[in-house]
Amino acid sequence: MTYTLTTPLYYVNDKPHLGSAYTTLACDALARFQRLIGERVLLITGCDEHGLKIQRTAEAAGLSPQAHCDLVSAQYQELWRRWGISNDRFIRTSDPRHRSLVEQFYRRVEAAGDVVEGRQQGWYCVACEEFKDDAHEAEDPECPIHRRPLEWRDELNLFFRLSRYQKPIEALITQPGFIAPASRRREVENFVAQGLRDFSISRRQLPWGIPVPGHPGHTFYVWFDALLGYLTALLEPGDPPDLELAISYGWPAQLHVIGKDILRFHAVYWPAMLLSAGLEPPRQVFGHGFLTREGQKMGKSLGNVLDPAAMLEHCGTDAVRWYLLRDIAFGEDGDFQQQRFLDLVNNDLANTIGNLLNRTSSMARRWFADAVPAVSAAVTDQHPLAQAATTARQLVLEGMGRLDFRQAAEAALQLAITANGFLNDQTPWSRIKREEERQQVADDLYAVLEASRHVALLLAPLLPELSGRMLLQLAQGPIASGSDAAQSLPSAWLAQLQWGGLVCGLPLPEPAPVMARLEPIEWL
RNA sequence: GGCUCGGUAGCUCAGCUGGUUAGAGCGUGGGAUUCAUAACCCCAAGGUCGGGAGUUCAAGUCUCCCCCGAGCCA
């Protein structure tokens with residue numbers, strides 16, 4: 001069984017924004033977690049590159065659509081690379097193989113009798129790539145979302161007979177867990193309850209798209225084309241474009257993670273298309289919330305967009321990942337507040353977690369020959385820190401499994417807080433002055449080092465870089481969770497999350513802060 | 001206009017099927033300490049739980065109305 005999960009395929013209309021980074025980061029954390037517990041994972045991301053909007057953007061820039069897409073999708077790939085995103089695939093819908101797969105998929109849908117011709121006239125928003133319901137006689141209507149003029153269209157298009165899937169879709173979306181978070185389910189249910197209408201899957205006079213076989217002059221509607229990218233993405237780089245082959249690698253997807261704005265496409269249209277083609281719908285669609293900044297919508301007009309590339313450069317991946325995953329309930333909308341960002345990163349990561357490791361390692365080295373102290377029999381899995389580690393492990397596993405990144409992050413952090421408290425209670429720096437307490441000090445420091453090792457391991461899916469630096473300070477080998485991680489069953493990670501794994505006498509490297517404090521940010 | 005979510009300490013939020021003095025983190029103030037990244041640890045202040053009415057022995061927790069915010073559909 002392969003755990004296939006996808007980010008949206010980002011529309012290459014503009015350079016990546018923080019919202020895309022947020023989605024991708026979350027998926028990366030989840031993918032890493034699944035790998036760590038021993039699953040074979042296919043993390044899919046990529047770019048959606050067709051459509052009138054892109055064609056026009058390219059024209060405005062004096063580029064061919066393909067050249068424009070090459071440029072922007074390269075930015076995405078570069079950004080994900082720099083963020084250390086562990087995607088196993090990167091699909092571009094302008095990939096020739098994709099075209100072939102779309103054709104194969106379309107033929108199945110056609111053969112199922114689900115394609116009909118129909119006339120469509122109405123007001124069209126190019127930015128939405130969608131017909132709006134404005135009255136025909138409306139004068140100069142605007143798109144309420146984009147506040148741009150709508151264009152009048154009157155064309156003969158191909159329609160997908162979504163209406164035939166009313167019952168199956170109703171059954172699907174009422175399945176518990178299919179739409180997550182549960183709070184968004186009602187919204188889709190209401191939409192479906194109004195009755196599903198056929199929707200057009202082709203456009204005329206749109207050169208920048210995939211031609212519909214057998215219908216000269218028609219190209220596929222971007223959504224029909226884009227969603228299928230999830231299937232094309234399954235292919236290995238050198239594979240022939242074969243739908244069956246693609247499917248065999250890992251369909252159905254376990255999870256599509258998307259922004260809440262495109263929930264309907266993923267929870268209604270897409271499953272119906274798949275059913276029509278004789279394929280299984282995905283197991284779960286998770287619609288997360290949006291990010292605001294200091295309470296305000298981010299947008300070019302307000303000039304308050306956060307550039308993910310700049311954030312990465314100034315703050316590093318750990319800081320940003322921590323803030324987004326630890327402080328925002330995944331699924332809910334979130335607000336980026338600079339002060340809170342600094343406070344949390346500095347408190348949690350630098351002061352609590354980083355300093356814990358630093359102070360403990362420093363004491364161990366000073367008093368125990370630069371190594372992990374030798375413990376007495378008193379340090380068992382009944383040790384308070386062992387119990388705290390078990391609790392943390394449980395909460396992390398459970399939280400990550402439910403995409404509750406916040407719970408997982410807080411659980412790991414709590415273990416570090418408990419360990420800091422333990423140190424302060426035991427005061428090894430006083431006890432070491434009395435020779436008869438030396439063993440007690442050894443035991444205490446061992447327990448805290450071991451707890452730190454657990455913190456590092458528990459952070460692996462959330463903050464792979466920091467986790468790695470911590471393990472290094474503890475003289476531990478790295479824990480692989482990236483796309484190159486070999487599948488390990490039983491999970492090596494879970495095996496290491498057993499109390500007492502730290503070897504006594506292991507030489508510890510010279511302490512170096514694993515997480516620097518962030519300075520107030522002027523570049524924002 | 002219909003529907004769906006929210007409105008709880010300065011900020012971000014927990015509060016399951018109603019039940020002793022409404023919780024956490026951050027921020028703020030104080031204390032303690034020196035192993036450590038002026039870090040860690042402890043303590044404290046702070047809320048008429050959006051407003052109003054009702055049900056109940058008892059409501060942040062249920063019902064109704066209203067106000068505010070977000071969203072979906074029209």
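Between B:A22 and B:A74, the two C1' atoms lie 41 Å apart (nearest whole Å). Comparing the P positions of B:G69 and B:G31 gives a spacing of 45 Å, expressed to the nearest Å. The C1' atoms of B:U8 and B:A59 are separated by 14 Å, rounded to the nearest whole Å. On the P atoms, B:A14 is 9 Å away from B:G6, given to the nearest whole Å. For the P atoms, the distance from B:G47 to B:G10 is 8 Å, rounded to whole Å. Rounded to whole Å, the separation between the P atoms of B:A9 and B:G15 comes to 15 Å. Taking the C1' atom of each, B:U20 and B:C64 are spaced 30 Å apart, rounded to whole Å.
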In a table with atom names and distances, give each donor-acceptor pair under 3.5 Å that connects a side chain of residues 427-435 of chain A to protein atoms at least two apart or in another chain.
unit_1   : atom_1 : unit_2   : atom_2 : d
A:Arg431 : NE     : A:Glu437 : OE1    : 3.3
A:Arg434 : NE     : A:Glu437 : OE2    : 2.9
A:Arg434 : NH2    : A:Glu437 : OE2    : 2.7

Anything under 3.5 Å between a donor and an acceptor, one on a side chain of residues 193-202 of chain A, the other on a protein residue two or more places apart or in another chain? List them.
unit_1   : atom_1 : unit_2   : atom_2 : d
A:Asp198 : OD1    : A:Leu162 : N      : 3.2
A:Asp198 : OD1    : A:Ser163 : N      : 3.0
A:Asp198 : OD1    : A:Ser163 : OG     : 2.6
A:Ser200 : OG     : A:Gln120 : OE1    : 2.9
A:Ser200 : OG     : A:Arg203 : NH1    : 2.7
A:Ser202 : OG     : A:Leu158 : N      : 2.9

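Atom CG in A:Asn346 sits roughly 16 Å away from atom C1' in B:A36 (whole-Å rounding). For A:Lys433 and B:U33, the NZ to P distance is 12 Å, given to the nearest whole Å. If you measure from atom CZ of A:Arg185 to atom P of B:G71, you get 23 Å, rounded to the nearest angstrom. Atom CD of A:Glu332 and atom C1' of B:G7 are 13 Å apart (whole Å). Across the protein-nucleic acid pair, A:Asp425 atom CG and B:C42 atom P stand 8 Å apart, rounded to whole Å. Atom CD1 in A:Ile432 sits about 15 Å away from atom P in B:U34, given to the nearest Å. Atom C1' of nucleotide B:C41 and atom CG of A:Leu356 are separated by 12 Å, given to the nearest angstrom.
Which of B:C26, B:G71, B:U33 sits closest to the side chain of A:Glu187 comes down to B:G71. Distances from the side chain of A:Gln194 to the nucleotides B:A74, B:G25, B:C72 place B:A74 closest. For A:Met363, the side-chain atoms get nearest to B:C35 when compared with the rest of B:C3, B:C35, B:C41. Closest approach to the A:Asp327 side chain among B:U12, B:A74, B:G25 is made by B:U12 (side chain taken as heavy atoms from C-beta onward). Among the nucleotides B:A39, B:G71, B:C41, the one closest to the side chain of A:Asn355 is B:A39. For A:Arg340, the listed nucleotide lying nearest its side chain is B:C11; candidates were B:C41, B:C11, B:U37.
Aromatic ring orientation, A:Tyr165 versus A:Phe160: parallel (interplanar angle below 30°, classes split at 30° and 60°). Using cut-offs of 30° and 60° on the angle between ring planes, the pair A:Trp499 and A:His454 is tilted. Between A:Phe220 and A:Phe224, the ring planes are parallel. Angles under 30° get that label, and only those over 60° would be called perpendicular.
Positionally, the nearest nucleotide of RNA chain B for A:Trp367 lies more toward the 5' end than for the other of A:Trp367 and A:Asn420. Place A:Gln339 and A:Gly421 on RNA chain B by their nearest nucleotides, and A:Gln339 ends up nearer the 5' end.
Backbone-only engagement by A:Gln337 is indicated by non-hydrogen atom pairs under 4.0 Å involving sugar-phosphate atoms exclusively. Residue A:Asn351 is in sugar-phosphate contact alone, with no base atom involved, counting any heavy-atom pair closer than 4.0 Å across all strands shown. Residue A:Gly354 is classed as a base contact, given a heavy-atom separation below 4.0 Å to a base. Across all strands, A:Arg186 comes closer than 4.0 Å only to sugar-phosphate atoms, never to a base (heavy-atom distances). Here A:Val188 lies out of heavy-atom contact (under 4.0 Å) with every strand. Among the heavy atoms of the strands, none lies under 4.0 Å from A:Arg365. Among the protein residues, A:Arg184 comes within range of no part of the nucleic acid, since none of its heavy atoms lies under 4.0 Å from any strand. At a threshold of 4.0 angstrom between heavy atoms, the contacts of A:Leu423 with the nucleic acid are absent. Nucleic acid contact for A:Arg431: none, since no nucleic acid atom lies under 4.0 Å from a heavy atom of the residue. Looking at heavy-atom distances under 4.0 Å, A:Pro513 makes contact with a base. Within 4.0 Å of A:Asn347, counting heavy atoms only, lie sugar-phosphate atoms of the nucleic acid but no base atom.
Close to B:U34, at under 4.0 Å from its OP1 or OP2, lies no side-chain N or O of A:Arg359.
Its glycosidic angle being within 90° of 0, B:G46 falls on the syn side.
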Notebook entry, point to check: Reading RNA chain B 5' to 3', what string of ( ), [ ], | and . shows its pairs, if Watson-Crick and G-U wobble pairs count only when both distances fall under 3.5 Å?
Noted result: (((((((..((((.....[...)))).((((.........)))).....(((((..]....)))))))))))).
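Under 3.5 Å, the side chain of A:Asn424 and the base of B:C40 form at least one donor-acceptor pair of N or O atoms.
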